[in-house]
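What follows is a set of notes on a single structure, which appears directly below.
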Amino acid sequence: MLDKPAPTSSVRTSGPLSGFRVVEFAGIGPGPFACMMLADMGADVVTLDRVGAKKSMKSVAGRGRKVIELDLKDKAAIAEVLDLLASADALVEGFRPGVMERLGLGPDVVLARNPKLVYGRMTGWGQEGPLANAAGHDINYISITGALAAIGTKEAPVPPLNLVGDFGGGALYLVVGVLAALLEAQRSGKGQVVDAAMCDGAASLMSFFFDMKTIGRWSEGRNQNFLDGGAHFYGVYECACGHFVSIGSIEPQFYALLREHAGLTDADFDAQMNPKAWPALKQKLQAVFRSKTREDWCKIMEGTDICFAPVLTMSEATEHPHMVARNVFLERHGVKQPAPAPRFSRTPSAVREPEGAEIGAVMAAWKR
(Lines give C-alpha, C1' and ligand atoms only; values in the text may rest on other atoms or scores of the structure.)
Protein backbone atom coordinates (compact mmCIF):
# COMPACT_ATOMS: atom_id res chain seq x y z
CA MET A 1 0.00 0.00 0.00
CA LEU A 2 1.27 3.48 -0.87
CA ASP A 3 1.22 5.47 2.34
CA LYS A 4 1.45 9.18 1.70
CA PRO A 5 0.42 12.14 3.83
CA ALA A 6 -2.60 14.16 2.83
CA PRO A 7 -1.79 16.61 0.04
CA THR A 8 -0.69 20.04 1.23
CA SER A 9 -1.49 21.83 -2.02
CA SER A 10 -4.75 23.75 -2.02
CA VAL A 11 -5.60 22.62 -5.54
CA ARG A 12 -5.79 18.86 -5.20
CA THR A 13 -8.16 16.71 -4.01
CA SER A 14 -8.85 13.20 -5.17
CA GLY A 15 -7.44 10.17 -6.90
CA PRO A 16 -5.36 7.25 -5.63
CA LEU A 17 -2.09 9.19 -6.18
CA SER A 18 -3.21 12.26 -4.24
CA GLY A 19 -0.23 13.55 -2.25
CA PHE A 20 2.41 12.21 -4.63
CA ARG A 21 4.61 14.80 -6.31
CA VAL A 22 5.94 14.42 -9.83
CA VAL A 23 8.29 16.69 -11.78
CA GLU A 24 7.91 16.40 -15.55
CA PHE A 25 10.44 17.76 -18.00
CA ALA A 26 8.34 18.94 -20.95
CA GLY A 27 8.41 16.81 -24.07
CA ILE A 28 6.08 15.37 -26.69
CA GLY A 29 4.20 12.10 -27.09
CA PRO A 30 4.44 9.34 -24.50
CA GLY A 31 6.00 11.36 -21.65
CA PRO A 32 3.20 13.93 -21.48
CA PHE A 33 0.59 11.20 -21.92
CA ALA A 34 2.07 9.27 -18.99
CA CYS A 35 2.06 12.40 -16.84
CA MET A 36 -1.53 13.12 -17.87
CA MET A 37 -2.47 9.71 -16.46
CA LEU A 38 -0.56 10.37 -13.23
CA ALA A 39 -2.23 13.78 -12.89
CA ASP A 40 -5.68 12.33 -13.61
CA MET A 41 -5.04 9.80 -10.82
CA GLY A 42 -4.34 12.61 -8.38
CA ALA A 43 -0.60 13.18 -8.46
CA ASP A 44 0.58 16.76 -8.12
CA VAL A 45 2.47 17.07 -11.42
CA VAL A 46 4.66 20.08 -12.16
CA THR A 47 5.87 20.50 -15.74
CA LEU A 48 9.13 22.33 -16.34
CA ASP A 49 8.93 23.96 -19.77
CA ARG A 50 11.06 26.38 -21.75
CA VAL A 51 10.64 30.13 -21.30
CA GLY A 52 7.96 31.44 -23.63
CA ALA A 53 6.21 28.10 -24.10
CA LYS A 54 2.46 28.54 -24.23
CA LYS A 55 0.39 25.64 -22.97
CA SER A 56 -2.92 25.21 -24.72
CA MET A 57 -5.85 24.94 -22.35
CA LYS A 58 -7.42 22.64 -24.93
CA SER A 59 -4.54 20.14 -24.84
CA VAL A 60 -5.71 16.70 -23.73
CA ALA A 61 -2.28 15.27 -22.89
CA GLY A 62 -1.29 18.55 -21.21
CA ARG A 63 -4.16 18.66 -18.75
CA GLY A 64 -3.83 18.67 -14.99
CA ARG A 65 -0.38 20.20 -14.40
CA LYS A 66 1.24 23.23 -12.89
CA VAL A 67 3.56 24.67 -15.56
CA ILE A 68 6.81 26.41 -14.68
CA GLU A 69 8.77 28.14 -17.42
CA LEU A 70 12.53 28.30 -16.94
CA ASP A 71 15.83 28.19 -18.79
CA LEU A 72 17.62 24.90 -18.09
CA LYS A 73 20.83 26.37 -19.51
CA ASP A 74 20.90 28.77 -16.56
CA LYS A 75 22.89 27.33 -13.62
CA ALA A 76 20.70 29.22 -11.15
CA ALA A 77 17.62 27.54 -12.65
CA ILE A 78 19.30 24.12 -12.36
CA ALA A 79 19.94 24.78 -8.67
CA GLU A 80 16.26 25.61 -8.21
CA VAL A 81 15.22 22.45 -10.03
CA LEU A 82 17.44 20.37 -7.75
CA ASP A 83 15.79 21.99 -4.74
CA LEU A 84 12.38 21.16 -6.18
CA LEU A 85 13.38 17.56 -6.87
CA ALA A 86 14.53 17.20 -3.28
CA SER A 87 10.84 17.21 -2.28
CA ALA A 88 9.50 15.19 -5.22
CA ASP A 89 8.50 11.53 -5.34
CA ALA A 90 9.14 11.01 -9.05
CA LEU A 91 10.75 12.60 -12.08
CA VAL A 92 9.76 11.96 -15.70
CA GLU A 93 11.97 12.93 -18.64
CA GLY A 94 11.98 11.97 -22.30
CA PHE A 95 15.25 13.34 -23.65
CA ARG A 96 17.88 11.37 -25.53
CA PRO A 97 20.37 9.51 -23.33
CA GLY A 98 22.95 11.86 -21.81
CA VAL A 99 20.95 15.10 -22.06
CA MET A 100 19.90 15.18 -18.41
CA GLU A 101 23.47 14.32 -17.37
CA ARG A 102 24.82 17.24 -19.40
CA LEU A 103 22.32 19.55 -17.73
CA GLY A 104 23.61 18.46 -14.33
CA LEU A 105 20.36 16.63 -13.58
CA GLY A 106 21.38 13.01 -14.16
CA PRO A 107 20.31 10.21 -11.83
CA ASP A 108 23.54 10.22 -9.80
CA VAL A 109 23.21 13.92 -8.98
CA VAL A 110 19.48 13.89 -8.33
CA LEU A 111 19.40 10.69 -6.27
CA ALA A 112 22.24 12.03 -4.14
CA ARG A 113 19.91 14.91 -3.20
CA ASN A 114 16.81 12.74 -2.87
CA PRO A 115 17.64 9.03 -2.40
CA LYS A 116 13.96 8.06 -2.43
CA LEU A 117 13.19 9.61 -5.82
CA VAL A 118 11.88 7.47 -8.70
CA TYR A 119 13.65 8.62 -11.86
CA GLY A 120 11.48 7.79 -14.91
CA ARG A 121 13.19 7.86 -18.30
CA MET A 122 11.20 7.59 -21.54
CA THR A 123 13.05 6.87 -24.79
CA GLY A 124 12.52 4.96 -27.99
CA TRP A 125 15.61 2.76 -28.02
CA GLY A 126 16.50 2.73 -24.30
CA GLN A 127 19.40 4.14 -22.31
CA GLU A 128 22.00 1.88 -23.90
CA GLY A 129 22.54 -0.32 -26.95
CA PRO A 130 23.81 0.33 -30.49
CA LEU A 131 20.79 2.51 -31.39
CA ALA A 132 20.45 4.37 -28.08
CA ASN A 133 21.52 7.75 -29.45
CA ALA A 134 19.89 7.48 -32.87
CA ALA A 135 16.82 9.48 -33.79
CA GLY A 136 13.63 7.52 -34.29
CA HIS A 137 9.86 7.50 -34.10
CA ASP A 138 7.19 5.00 -33.11
CA ILE A 139 7.21 3.32 -36.52
CA ASN A 140 10.94 2.57 -36.15
CA TYR A 141 10.71 1.29 -32.57
CA ILE A 142 7.95 -1.19 -33.41
CA SER A 143 9.72 -2.26 -36.60
CA ILE A 144 12.46 -4.12 -34.73
CA THR A 145 10.09 -5.92 -32.36
CA GLY A 146 8.16 -8.01 -34.87
CA ALA A 147 5.01 -5.95 -34.29
CA LEU A 148 4.90 -3.86 -37.45
CA ALA A 149 5.69 -6.82 -39.71
CA ALA A 150 2.59 -8.58 -38.36
CA ILE A 151 0.14 -5.69 -38.92
CA GLY A 152 -1.31 -4.63 -42.25
CA THR A 153 -2.32 -6.02 -45.59
CA LYS A 154 -0.85 -9.02 -47.34
CA GLU A 155 1.07 -6.62 -49.58
CA ALA A 156 2.72 -4.44 -46.91
CA PRO A 157 2.82 -3.57 -43.21
CA VAL A 158 0.53 -0.71 -42.13
CA PRO A 159 1.42 1.65 -39.24
CA PRO A 160 -1.12 1.14 -36.42
CA LEU A 161 -1.15 4.89 -35.72
CA ASN A 162 1.48 5.42 -33.00
CA LEU A 163 -0.44 3.38 -30.44
CA VAL A 164 1.86 0.36 -30.18
CA GLY A 165 5.17 2.17 -29.61
CA ASP A 166 4.57 5.65 -28.18
CA PHE A 167 1.55 4.98 -26.03
CA GLY A 168 1.11 1.23 -25.52
CA GLY A 169 4.76 0.20 -25.33
CA GLY A 170 5.99 3.58 -24.10
CA ALA A 171 3.71 5.66 -21.90
CA LEU A 172 1.82 2.79 -20.27
CA TYR A 173 5.00 0.88 -19.43
CA LEU A 174 6.47 4.08 -18.01
CA VAL A 175 3.42 4.55 -15.78
CA VAL A 176 3.55 0.93 -14.60
CA GLY A 177 7.28 1.21 -13.94
CA VAL A 178 7.00 4.48 -12.02
CA LEU A 179 4.13 3.18 -9.89
CA ALA A 180 5.96 -0.08 -9.14
CA ALA A 181 9.10 1.83 -8.16
CA LEU A 182 7.07 4.19 -5.95
CA LEU A 183 5.54 1.18 -4.20
CA GLU A 184 8.97 -0.39 -3.68
CA ALA A 185 10.41 2.90 -2.43
CA GLN A 186 7.81 2.96 0.33
CA ARG A 187 9.28 -0.29 1.63
CA SER A 188 12.98 0.24 1.01
CA GLY A 189 13.28 4.00 1.33
CA LYS A 190 15.32 3.96 -1.87
CA GLY A 191 14.50 5.31 -5.31
CA GLN A 192 15.76 3.98 -8.63
CA VAL A 193 15.87 4.64 -12.36
CA VAL A 194 13.01 3.36 -14.51
CA ASP A 195 14.31 2.83 -18.07
CA ALA A 196 11.14 2.71 -20.18
CA ALA A 197 12.00 2.12 -23.84
CA MET A 198 9.33 1.93 -26.49
CA CYS A 199 11.08 -0.94 -28.25
CA ASP A 200 11.11 -2.89 -24.96
CA GLY A 201 7.44 -2.23 -24.28
CA ALA A 202 6.33 -3.00 -27.84
CA ALA A 203 8.26 -6.28 -27.70
CA SER A 204 6.57 -7.10 -24.39
CA LEU A 205 3.17 -6.42 -25.96
CA MET A 206 4.00 -9.13 -28.52
CA SER A 207 4.27 -11.82 -25.81
CA PHE A 208 0.98 -13.50 -26.76
CA PHE A 209 2.01 -13.78 -30.40
CA PHE A 210 5.42 -15.21 -29.52
CA ASP A 211 3.51 -17.81 -27.49
CA MET A 212 1.25 -18.59 -30.44
CA LYS A 213 4.22 -18.85 -32.81
CA THR A 214 5.99 -21.24 -30.42
CA ILE A 215 3.07 -23.67 -30.35
CA GLY A 216 2.61 -23.52 -34.12
CA ARG A 217 -0.57 -21.48 -34.15
CA TRP A 218 0.86 -18.35 -35.76
CA SER A 219 2.47 -17.94 -39.18
CA GLU A 220 4.85 -15.06 -39.79
CA GLY A 221 3.22 -12.85 -42.37
CA ARG A 222 -0.01 -10.86 -42.62
CA ASN A 223 -3.58 -11.87 -43.39
CA GLN A 224 -2.75 -15.49 -42.65
CA ASN A 225 -3.81 -15.82 -39.02
CA PHE A 226 -7.01 -15.63 -37.06
CA LEU A 227 -6.26 -12.23 -35.49
CA ASP A 228 -4.50 -10.42 -38.34
CA GLY A 229 -7.30 -10.23 -40.88
CA GLY A 230 -6.73 -13.65 -42.38
CA ALA A 231 -9.81 -15.29 -40.90
CA HIS A 232 -13.27 -14.46 -42.26
CA PHE A 233 -14.75 -14.48 -38.74
CA TYR A 234 -12.38 -11.84 -37.32
CA GLY A 235 -12.21 -8.71 -39.38
CA VAL A 236 -13.75 -5.56 -40.79
CA TYR A 237 -16.46 -5.47 -43.47
CA GLU A 238 -17.83 -2.67 -45.61
CA CYS A 239 -21.58 -2.12 -45.62
CA ALA A 240 -23.97 -0.86 -48.30
CA CYS A 241 -23.64 2.70 -46.98
CA GLY A 242 -19.84 2.76 -47.24
CA HIS A 243 -19.35 2.51 -43.47
CA PHE A 244 -17.74 -0.49 -41.79
CA VAL A 245 -18.50 -3.01 -39.04
CA SER A 246 -16.23 -5.36 -37.13
CA ILE A 247 -16.79 -8.95 -36.08
CA GLY A 248 -14.75 -11.17 -33.77
CA SER A 249 -16.69 -14.42 -33.76
CA ILE A 250 -13.83 -16.71 -32.74
CA GLU A 251 -15.51 -19.12 -30.32
CA PRO A 252 -17.85 -21.74 -31.86
CA GLN A 253 -20.92 -20.46 -30.01
CA PHE A 254 -20.26 -16.90 -31.20
CA TYR A 255 -19.63 -18.10 -34.75
CA ALA A 256 -22.93 -19.99 -34.67
CA LEU A 257 -24.70 -16.76 -33.75
CA LEU A 258 -22.95 -14.94 -36.60
CA ARG A 259 -24.19 -17.56 -39.03
CA GLU A 260 -27.71 -17.36 -37.61
CA HIS A 261 -28.01 -13.56 -37.68
CA ALA A 262 -26.24 -13.12 -41.04
CA GLY A 263 -28.09 -16.01 -42.68
CA LEU A 264 -24.93 -17.98 -43.47
CA THR A 265 -26.57 -21.28 -44.34
CA ASP A 266 -23.97 -22.24 -46.95
CA ALA A 267 -22.31 -25.49 -45.81
CA ASP A 268 -18.93 -24.02 -46.75
CA PHE A 269 -19.12 -21.94 -43.58
CA ASP A 270 -18.82 -25.17 -41.56
CA ALA A 271 -15.07 -24.99 -42.16
CA GLN A 272 -14.56 -22.18 -39.66
CA MET A 273 -11.03 -23.10 -38.57
CA ASN A 274 -9.66 -24.24 -41.92
CA PRO A 275 -7.24 -21.48 -43.05
CA LYS A 276 -7.39 -22.78 -46.63
CA ALA A 277 -11.10 -21.97 -46.71
CA TRP A 278 -10.77 -18.46 -45.27
CA PRO A 279 -10.17 -16.47 -48.49
CA ALA A 280 -13.29 -17.83 -50.20
CA LEU A 281 -15.42 -17.49 -47.06
CA LYS A 282 -14.23 -13.91 -46.62
CA GLN A 283 -15.40 -13.06 -50.15
CA LYS A 284 -18.80 -14.55 -49.42
CA LEU A 285 -19.08 -12.66 -46.14
CA GLN A 286 -18.07 -9.43 -47.86
CA ALA A 287 -21.03 -9.79 -50.17
CA VAL A 288 -23.36 -10.48 -47.23
CA PHE A 289 -22.33 -7.37 -45.30
CA ARG A 290 -22.55 -5.19 -48.41
CA SER A 291 -26.24 -6.14 -48.66
CA LYS A 292 -27.24 -3.90 -45.73
CA THR A 293 -26.23 -0.59 -44.19
CA ARG A 294 -24.19 -0.27 -41.02
CA GLU A 295 -27.32 0.91 -39.22
CA ASP A 296 -29.19 -2.19 -40.39
CA TRP A 297 -26.43 -4.48 -39.13
CA CYS A 298 -26.34 -2.68 -35.80
CA LYS A 299 -30.04 -3.35 -35.34
CA ILE A 300 -29.48 -7.03 -36.13
CA MET A 301 -26.21 -7.72 -34.29
CA GLU A 302 -25.29 -5.07 -31.73
CA GLY A 303 -25.66 -6.28 -28.15
CA THR A 304 -25.61 -9.98 -29.13
CA ASP A 305 -22.82 -12.47 -28.40
CA ILE A 306 -21.67 -12.37 -32.03
CA CYS A 307 -18.84 -10.05 -30.91
CA PHE A 308 -19.88 -7.20 -33.16
CA ALA A 309 -19.42 -3.44 -33.22
CA PRO A 310 -19.73 -0.63 -35.72
CA VAL A 311 -16.43 0.95 -36.80
CA LEU A 312 -16.82 4.56 -35.65
CA THR A 313 -14.85 7.72 -36.27
CA MET A 314 -13.63 9.69 -33.26
CA SER A 315 -16.57 12.09 -33.64
CA GLU A 316 -19.04 9.22 -33.86
CA ALA A 317 -17.47 7.43 -30.89
CA THR A 318 -18.31 10.29 -28.53
CA GLU A 319 -22.00 9.89 -29.36
CA HIS A 320 -22.32 6.11 -29.13
CA PRO A 321 -24.93 5.19 -26.46
CA HIS A 322 -22.59 2.87 -24.57
CA MET A 323 -19.82 5.47 -24.44
CA VAL A 324 -22.32 8.15 -23.39
CA ALA A 325 -23.83 5.95 -20.67
CA ARG A 326 -20.38 5.28 -19.18
CA ASN A 327 -19.19 8.89 -19.59
CA VAL A 328 -16.14 7.65 -21.48
CA PHE A 329 -15.69 11.11 -23.00
CA LEU A 330 -15.95 14.53 -21.43
CA GLU A 331 -16.00 18.04 -22.85
CA ARG A 332 -13.43 20.60 -21.78
CA HIS A 333 -12.96 24.03 -23.34
CA GLY A 334 -15.22 22.93 -26.19
CA VAL A 335 -13.08 19.86 -26.92
CA LYS A 336 -14.46 16.33 -26.61
CA GLN A 337 -11.77 14.10 -25.13
CA PRO A 338 -11.33 10.79 -23.30
CA ALA A 339 -12.11 10.89 -19.60
CA PRO A 340 -9.59 9.53 -17.05
CA ALA A 341 -9.10 5.77 -17.02
CA PRO A 342 -9.12 3.37 -15.26
CA ARG A 343 -11.87 4.01 -12.69
CA PHE A 344 -11.56 3.86 -8.92
CA SER A 345 -14.53 3.26 -6.63
CA ARG A 346 -13.28 5.13 -3.55
CA THR A 347 -10.69 7.60 -4.84
CA PRO A 348 -11.94 8.64 -8.28
CA SER A 349 -9.66 10.22 -10.83
CA ALA A 350 -10.51 13.69 -12.07
CA VAL A 351 -9.37 16.30 -14.57
CA ARG A 352 -8.06 19.60 -13.31
CA GLU A 353 -6.87 22.55 -15.34
CA PRO A 354 -3.24 23.35 -16.09
CA GLU A 355 -1.99 26.50 -14.44
CA GLY A 356 1.06 28.70 -14.49
CA ALA A 357 3.23 28.56 -11.39
CA GLU A 358 6.39 29.95 -9.85
CA ILE A 359 9.04 27.46 -8.82
CA GLY A 360 9.52 29.16 -5.45
CA ALA A 361 5.85 28.89 -4.58
CA VAL A 362 5.75 25.20 -5.55
CA MET A 363 8.85 24.45 -3.45
CA ALA A 364 7.34 26.26 -0.46
CA ALA A 365 4.10 24.28 -0.78
CA TRP A 366 5.93 20.96 -1.17
CA LYS A 367 8.13 21.58 1.90
CA ARG A 368 5.21 22.20 4.27
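Computed from a predicted structure; not experimentally measured.
Considering every non-hydrogen atom in both Met37 and Leu172, the closest pair reads SD-CD2, 3.5 Å. Among all heavy-atom pairs drawn from Pro32 and Gly27, the shortest one is CG-O, 3.3 Å. When all heavy atoms of Gly146 and Met206 are compared, the closest pair comes out as O-CE, 3.6 Å. Nearest heavy atoms, Ser249 versus Ile306: OG-O, 2.7 Å. When all heavy atoms are compared, the tightest approach of Thr47 to Ala26 is CG2-CB, 3.9 Å. Taking each heavy atom of Arg63 and Pro338 in turn, the nearest pair found is NH1-O, 2.9 Å.
The distance from the CG atom of Asn225 to the CD atom of Glu220 is 9.5 Å, given to the nearest 0.5 Å. To the nearest 0.5 angstrom, Asp296 atom CG is 11.5 Å from Met301 atom CE. If you take CG on Leu281 and NZ on Lys276, they are separated by 14.5 Å, rounding to the nearest 0.5 Å. A distance of 6.0 Å separates CD of Glu251 from SG of Cys307, quoted to the nearest 0.5 Å. The structure places CD of Gln283 at 11.5 Å from CG of Leu285, a figure rounded to the nearest 0.5 Å. Put simply, OH on Tyr173 and CG on Leu205 are 4.0 Å apart, with the number rounded to the nearest 0.5 Å.
Between Asp44 and Lys66 there is a salt bridge, since a side-chain N of the basic residue sits under 4.0 Å from a carboxylate O of the acidic one. In this structure, Arg113 pairs ionically with Asp83, as a charged nitrogen and a carboxylate oxygen lie closer than 4.0 Å. The pair Glu69-Arg50 does not count as a salt bridge, with every side-chain nitrogen at least 4.0 angstrom from each carboxylate oxygen. Under 4.0 Å is where a charged nitrogen must lie from a carboxylate oxygen, and between Lys190 and Glu184 no such pair does. The residues Arg65 and Glu24 are annotated as salt-bridged, a charged nitrogen and a carboxylate oxygen being separated by less than 4.0 angstrom.
Summarising the local packing, CZ of Phe344 is surrounded by more than 12 heavy atoms from other residues, nucleotides or ligands at distances under 6.0 Å. Atom NE2 of His137 has 12 or fewer neighbouring heavy atoms from other residues, nucleotides or ligands inside a 6.0 Å radius. By the neighbour-count criterion of 12 heavy atoms within 6.0 Å, atom CD1 of Ile215 is densely surrounded, having more than that number from other residues, nucleotides or ligands. Annotation for Lys282: atom NZ counts as buried by contact number, over 12 foreign heavy atoms lying within 6.0 Å. Within 6.0 Å of the CD atom in Glu358, the count of heavy atoms belonging to other residues, nucleotides or ligands does not exceed 12.
Using a 4.5 Å heavy-atom threshold, the side chains of Phe226 and Phe233 count as touching. Within the 4.5 Å cutoff, the side chain of Val22 has no heavy atoms near those of the Val46 side chain. Residues Thr318 and Met314 form no side-chain contact, since every pair of their non-hydrogen atoms from C-beta on lies 4.5 Å or further apart.
Between Tyr237 and His232, the ring centre distance reaches or exceeds 6.0 Å. Taking the ring centroids of Phe33 and Phe167, they lie under the 6.0 Å cut-off.
Each of Leu103, Val81, Val92 was scored for a side-chain contact (heavy atoms from CB on, under 4.5 Å) with Phe25, with one residue passing: Val81. Test Leu84, Val67, Leu105, Leu91 against Leu48 for side-chain contact (heavy atoms from CB on, under 4.5 Å) and you get one pass: Leu84. Considering Asp270, Thr265, Asp266 in turn, Asp270 is the only one that fulfils the side-chain hydrogen bond (donor to acceptor under 3.5 Å, both in side chains) rule with Arg259.
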- request: Check step by step if salt bridge (charged side-chain N to carboxylate O under 4.0 Å, His left out) holds for Arg121 and Glu93.
  value: CA-CA 5 Å; Arg121 315 197 81 168; Glu93 62 95 358; 2.6 Å; yes
side-chain contact (heavy atoms from CB on, under 4.5 Å) between Thr347 and Ser18: does it pass, once the steps are laid out? CA-CA 9 Å; Thr347 57; Ser18 183; over 6 Å; no
Task: Test log, rule side-chain contact (heavy atoms from CB on, under 4.5 Å), inputs Met122 and Met198 - done: CA-CA 8 Å; Met122 180 78 264; Met198 295 174 222; 3.7 Å; yes
Val288 and Gln286: side-chain contact (heavy atoms from CB on, under 4.5 Å), yes or no, with the steps?
CA-CA 5 Å; Val288 170; Gln286 286 171 343; over 6 Å; no
Show your reasoning for whether side-chain contact (heavy atoms from CB on, under 4.5 Å) applies to Glu295 and Glu302. CA-CA 10 Å; Glu295 184 178 358; Glu302 196 164 25; over 6 Å; no
Practice prompt. Show the numbers, then the answer: is there a salt bridge (charged side-chain N to carboxylate O under 4.0 Å, His left out) between Lys336 and Glu319?
Written response: CA-CA 10 Å; Lys336 284 286 184 74; Glu319 304 300 325; 3.2 Å; yes
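Under a 3.5 Å cut-off, the side chain of Ser14 and the backbone N or O of Ser349 do not form any donor-acceptor pair. Of the possible donor and acceptor atoms, none in the side chain of His333 sits under 3.5 Å from a partner among the backbone N and O of Val335. Checking side-chain atoms of Arg294 against main-chain N and O of Val311 turns up a donor-acceptor pair under 3.5 Å. The main-chain N or O of Asp71 is never found under 3.5 Å from a side-chain atom of Asp74 such that the two would form a donor-acceptor pair. At least one donor-acceptor pair under 3.5 Å links the side chain of Trp278 to the backbone N or O of Gln272. Between the side chain of Arg222 and the backbone N or O of Ala149, at least one donor-acceptor pair lies under 3.5 Å. A donor-acceptor contact shorter than 3.5 Å links the side chain of Asn114 to the backbone of Ala88. Using a distance-only test at 3.5 Å, with no hydrogens or angles considered, no donor-acceptor pair links the side chain of Asp40 to the main chain of Val351.
No side-chain donor-acceptor contact under 3.5 Å links Thr214 and Asp211. Using a 3.5 Å distance cut-off with no hydrogens or angles, the side chains of His243 and Glu316 do not pair a donor with an acceptor.
Sequence neighbours left out, the pairs with a member in residues 149-170 that pass side-chain hydrogen bond (donor to acceptor under 3.5 Å, both in side chains) are Thr153-Glu155, Asn162-Asp166.
Connection of Leu312 to Phe308 is not established within any shared hydrophobic cluster, with ILVMFWY side chains joined at heavy-atom distances below 4.5 Å, either directly or through further cluster members. Hydrophobic clustering keeps Val60 apart from Met323 (ILVMFWY residues linked when any side-chain heavy atoms are closer than 4.5 Å, directly or through intermediates). One hydrophobic cluster holds both Ile359 and Val110 under the rule that ILVMFWY side chains link at heavy-atom gaps under 4.5 Å. The hydrophobic cluster containing Leu174 does not contain Ile142, counting ILVMFWY residues as joined when their side-chain heavy atoms lie under 4.5 angstrom apart, directly or transitively. Residues Ile144 and Phe209 are members of separate hydrophobic clusters, defined by side-chain heavy-atom contacts under 4.5 angstrom among Ile, Leu, Val, Met, Phe, Trp and Tyr.
Between Tyr141 and Trp125, the angle of the ring planes goes over 60°, which puts this pair in the perpendicular group of the 30/60° scheme.
Residues forming a ring-ring contact (aromatic ring centres under 6.0 Å, His included) with Tyr119 (at least two apart in sequence, or on another chain): none.
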